[in-house]
Structure formats: structure tokens, C-alpha cells
Protein chains: 2
Amino acid sequence: MSVTIKDVSSHANVSIKTVSRVINNEKNVAEATRSKVLASIKKLGFTPNKSAQSLRSKRSYIIALLYDNPNKSYLADIQNGILQVCKKTGYNLVLQECDYKNKNLSNSIINFVEDLKIDGLIVIPPLSDMDDFLYKLGHANIHYSIITPSNKKFSSLYVSSNDYDATYQMTEKIISFGHKKIGFIKGDGMHSASNLRFNGFINAIDDYSLERNFDWIIQGDFSFESGFQAGEKIFSSAEHPTAIFASNDSMAAGVMKSAQMKKILVPNKLSIVGFDDTPTAEQVWPSLSTVKQPVIEMALHAAKLLIGEFDGLTEETVSKEFKSEIIIRESLKKLK
Amino acid sequence: MSVTIKDVSSHANVSIKTVSRVINNEKNVAEATRSKVLASIKKLGFTPNKSAQSLRSKRSYIIALLYDNPNKSYLADIQNGILQVCKKTGYNLVLQECDYKNKNLSNSIINFVEDLKIDGLIVIPPLSDMDDFLYKLGHANIHYSIITPSNKKFSSLYVSSNDYDATYQMTEKIISFGHKKIGFIKGDGMHSASNLRFNGFINAIDDYSLERNFDWIIQGDFSFESGFQAGEKIFSSAEHPTAIFASNDSMAAGVMKSAQMKKILVPNKLSIVGFDDTPTAEQVWPSLSTVKQPVIEMALHAAKLLIGEFDGLTEETVSKEFKSEIIIRESLKKLK
DNA sequence: TAGAAAATAGATATCGTTGTCAAAGAATGT
DNA sequence: ACATTCTTTGACAACGATATCTATTTTCTA
């Protein structure tokens, strides 16, 4: 049927073990032997049997993505990035949905990893914010790579984003457009990003000596509905802001709806800014100005880091921070 | 380390092979023996080693999802449904992105399946519309389950939706709201759904003796931009329709933007209807009336069908059609 | 240049299952 | 009662890799 190591070894006239050495990039193989074997591998179109490798070496060549109810578009981008690395390195990706409220989550994940002999995990928000969970994974000797960790001490493998700086810069941009009365809608407190984004906003406000008006600073939970409710609150206050910065696009769309229903013209009377650049941001009218994290690249890097732990990728891959891009669309306008 | 069949067999005082028989639900095991073994399995917390099973039985316990640039939210739902079945049955899901324009696609997929010993595939649009591709897969003896096939003859395993009927019914609903001048935006011709949806619309129009106005029937490609362009065309014609039905939500949002920019009030002067119920449908203002396929359930069923082929699930699972739901939101209003 | 150390290559056991085949026991037919 | 078939069970090989350990060759050191 399919080509095995044995076929390769007789074709190249070496031992089975030597072929194995070449496959696994082990040292102590003479250059001439190595190339001879590689030629045979290519000629015969050999690919190692994953099950056999896995059975013997106790590695599955599977990594898992842990997630809990993320934005669908975010999840798709994350997967996309990871898959690019998997394809190159011969790993497979398994998806594992989690419930972060489950008290027993760490145990069930540890079981999952041991059952399937999962080589490593990639963890995304909000699970990446759960210190206790990450601690237990580490304690069980599980490898994982974190995307936007709240606390970098739990793994040496992570990719972070500059949420604080990006929000600060976007706030500066709003201010540079002449806005002095700016509202803010916070995200779900469970996500560490919520605090980073709020801090970026409030520090910019302070640094430019603008007013902190707590009638316009509303707690949301990243949902469209919470954005809408925030809008209702803000627009029922005595004075209205001229711009509102929401911690994500869904809430921004919610605020926009609330404003439009009250005939507050966006962007002429009110500028609105979101965060994340989801597909919705382009499809609402007026289109949303927003902040775009390079999610695909971040996921790609996180996967490289993790797989590099096992395969020792030659390419230099270290944990690093990615910069977000500020996207100005119709919803943010200069104040006349 | 972990518990093996051998441990179970000595604990239950039977042979290794008998334990294997129990695990695989083979017949010709005495009831007493079976329950004795099951008890030992439970007591010791044994789970079979996937790699060993796979190596020996030539099955990978992996199924793959084939997709090409679908809507992100659709993809997420599809995955969600499949994963529910995988979790129960112990299969894993691998994602495989394809390029339907690639001339060599069928060969590369056949290689992929053979390399990874993939047990079966789940195919979604637009790949599910490519007769030649499906034919070649079948010819290579690959099992697959199709979601919304254009041609049911290629696999006995499929789930379909009632796109034609749903569009017909939604058109009836629009008509029942008093609309007589109704525009339509077609989807990408590569997707068989595009034709089904258009036929549902046009037949309803004809059955109710309404005017077919080809100034208002525009070819789109499912993108937001194409919807916007369609709107521009429609609104530049001499007479305007009072309702527009777009073949998906993105295009509906595009039309809506075009209308709003021209100060055509939605829904007071123009009703707009979409298809798919993506997250955007709720987040635009006014919110989109749309048609919702039970995507998660469809994917779940497709996965059951496929895995049932291998494991002979007891539950009755046959290919079937799922009914879509008509969702009325703010964008569709009775004509005064 | 002898002797030690390092590099290279191979023989064989092994991972944890399932497949094959044979054997023993139970049920059936005549 | 005996031959025949069916049911139930087990012994052992096999799947296709990697690990361990040993043997040989090359390189280095004094």
C-alpha cells in the first residue's frame, strides 16, 4: 500500500534507524548518507505514518485550541493563523470549547490532554486571563502558548498586543479631531483587555486635560445589547458627548443604533469608534472607525512558539508584542 | 503510566483480545463477560490509545472539514455542530482550507486524505457545488458528507436546506406586507444556493402576478460591496422598488448603506430583507429581517451521518432536509 | 602512533492496539 | 449418540515507527 521506512531503507541501502534519524533531523548522520536518504524519500514519496510515530514516541502531533465563546470572526482568524503553521509543520489542530465558569475546568482539560496525548495548547481570551487555570496547567506539565495573556509570568510562550497603547493612540486621534467631550464604554471585566483599553483611554483623557465625565463612562459586557443600553444611558444625561469610544465593535454598533433611533446624526453630531475590526464594522452605516489587531499573525506566531518547543524550529521565534492598526472610517469626523 | 488493555484483561481475568472485542462492540461476546470487562474498564479508568488503534486498524478517527473562504460566522457554526458529534464519538476534526479555483484540488485533497488516513470529509459550499470534484473524491473511494449539495446524486450522505421554499415564503411575507415593487439581488453564480434563492423569489413574484422589473434584479457576488453597487444601480433607475430582497445579509447591508446615503428611509420608504442571519443582521440599524438556516443542527447531522458510516451509530440517521426560519426585524415594514 | 573519544550506523526490542486463526464448548439436527 | 454448526475465547503475529544498546569507523590528543 503506502511507502514505509523499510522501503526507503532498502532503496537507500541503509538501516531503518538511519532513515528514522534523517526524518527526525537528528545529528550524527553523515551528510552523504543524509542526502542519499532524502533522495530516496523524495523518489518514493514517503511520508511517516503519524500513528506509528505517535504510538512509539508518545507524541500526538496534535495541538489544541482552547476557547470560550469568542467572537466568531476572531475565532476564525485565530484558527486561520494556527492552521498555516500546522500545515507547514505537519501538526494537526483540534478545537476544544471550554466553559470558563466551570469550576472543574482545569481537571477536565488535563484529562483531555492526557487522553489524546495532546502535545500542547494555545489559549485565547478570556481563558488566558485565568491565572489559576494557567497555573494548574503548568503544574500538570502541559505546554501552552498564550494569546494576549493578562499575566506574562505563567508561560514563556505568549504573544501580546498593545491594547493600552492602541487605545491611547486612538483616543489621541479622536482628540486631534477636536473632540473634548468623549464617552467610553467598557468591556466585560473578566477580560483583561477591558482594563487595558479603559486605562489607555482614561490616561489619554487625563494627559490632554479633558473632562472625566462618569455619566459617559459606562460598564458594558462586549455585547451589542450592552452597547445599546450604554447609549440609552449616555443620551439620557443632561449633556451629550461629541464622541464615544466603545471597547469593541459590537458595543459601538449598539451605541450607534441608540443614537440613530434618537435622531442624533452620526458622525455629524456624534462620532463613534469601536475596537477589533469585525466584519460588522464595515457593514454598518456609517462604517466604524476601529482598532485592528493583527489577529492572524498573532495566532501564527503563537503556534510557531508552541511547535518550536517540540521541533526546535530553526527560525528565531520569541514571545513578542504585536502592534495594532488604527483604522479611520466614516464614523469618526472632525468636530466643526 | 496509563492504563492499557493488558491491565484491564488481567483485572477482568480474560484475554486481551476479549477486552478489545468489548471496546469495539463486537458481537459474540457473552453478556456476562462483557459486563465483567466493562466493569474493569470503568474501575481502572481505561481509555484506548488512539495511536495504537489507528496504527493497527488503519483508521485515524479523524474527519476533515473542507471549506473555501466561507462567511466566518457560518464556518464557526458549522464547526460547532460537527464538534458536538466529535466529542461524543471520540473523533477529531481537522480543518482543511481549499481553493476551489485550483485545477488540481481533487488530487491534493486525495493526497491529504491518504497521508493523514482521514476517515471521511464534510464538504460545505461552494465546494459542495463542484460536481467534478465530488465525483473524483467518490472515485477515490473517499467517504464524505455534503452540506447543501447542488446535486444529490454524488453522495447518499447529505443535509440540505429548503432555500427555494424559504425564499418563496419570505417573498410571500414581503408581498403580504403590501409590497408590489420588489427588487432582488442575486448571489455568486458559483453557489447553487444563488439560483435556488432567485427561483424562489421569481416564482413567488410570478405566482402573485407582480411585475418582474429587471432594473431591480441585479447580479451580486455575496459581498457587501456588490450589495452597495446593486443599490446604486437600483436607485438610479427611473422608479424605485418599495422592498429589496438580497440573497445574503452582507449584500442587504450594502443596499441599506446605499439607500441611507441617498436619504431613502429604511424601512419607511424601503424595506430590506437579507438571508443567513449573520451577526451583522442584528447589529445594523434598522436590524435586518432575514432567513436563518439551522446551520449548527445541519452540521451536527452531517457529522452524524458520516461517522455513522464508520461506527454504525444505532440512532436512526438518514440524509434529510432542514427547514429555515423566517425572522422579521425592523427592516421589513408594512407598506402604508 | 597508540589510545581515547566522538561520530556514524545497525540489530533488535518495543509502543498498545487489532487481525488471523485455531480451539474449546454449546447448541442443533438426524 | 454422533456429526455438524455456531458461539465464545485466546495465542500470537502484525501495524510502522522510535529507543536502546552495541559495533564499527573516524577524529583527536598526548
- Item | Counterpart residues, salt bridge (charged side-chain N to carboxylate O under 4.0 Å, His left out), relative to A:K117 (two or more places apart) |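 Partners of A:K117 under the salt bridge (charged side-chain N to carboxylate O under 4.0 Å, His left out) test: none.
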query: Can you name the residues that form a salt bridge (charged side-chain N to carboxylate O under 4.0 Å, His left out) with B:R59, not counting sequence neighbours?
result: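 B:D311.
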May I ask you to verify if any side-chain N or O of A:K58 is less than 4.0 angstrom from the OP1 or OP2 atom of D:dA19?
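The answer is no; no side-chain N or O of A:K58 sits under 4.0 Å from OP1 or OP2.
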Atom [atom1] of [X] and atom [atom2] of [N]: how far apart are they, to the nearest Å?
| X | N | atom1 | atom2 | result |
| --- | --- | --- | --- | --- |
| A:K6 | D:dA14 | NZ | P | 10 Å |
| B:N49 | D:dA17 | CG | P | 16 Å |
| B:D7 | C:dG16 | CG | P | 9 Å |
| B:I5 | C:dT14 | CD1 | P | 19 Å |
| A:K50 | C:dT17 | NZ | P | 21 Å |
| A:L55 | C:dC15 | CG | P | 9 Å |
| B:Q53 | C:dT17 | CD | P | 7 Å |
| B:R56 | D:dA17 | CZ | P | 15 Å |

Name the closest nucleotide to the A:T4 side chain, picking from C:dG16, C:dG19, D:dA17.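 Among C:dG16, C:dG19, D:dA17, the one nearest the side chain of A:T4 is D:dA17.
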Check: Applying salt bridge (charged side-chain N to carboxylate O under 4.0 Å, His left out), which residue pairs with at least one partner in residues 119-143 of chain B are found, sequence neighbours left out?
Finding: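 Listed once each, the pairs are B:D132-B:K136.
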For A:F46, give me all partners under ring-ring contact (aromatic ring centres under 6.0 Å, His included), at least two apart in sequence or on another chain.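 Expected list: none.
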### Query
With sequence neighbours excluded, what pairs up with B:Y61 under the ring-ring contact (aromatic ring centres under 6.0 Å, His included) test?
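Only B:Y91 meet the ring-ring contact (aromatic ring centres under 6.0 Å, His included) criterion with B:Y61.
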Practice problem: Can you spot which of B:T33, B:V8, B:I5, B:N13 makes a side-chain contact (heavy atoms from CB on, under 4.5 Å) with B:T18? | Solution: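 So the option named by the test is B:T33.
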Does any residue of residues 13-40 of chain A have a heavy atom under 4.0 Å from DNA chain D, and if so, which ones, in number order?
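Within this stretch, A:I16, A:K17, A:S20, A:N24 sit under 4.0 Å of the strand.
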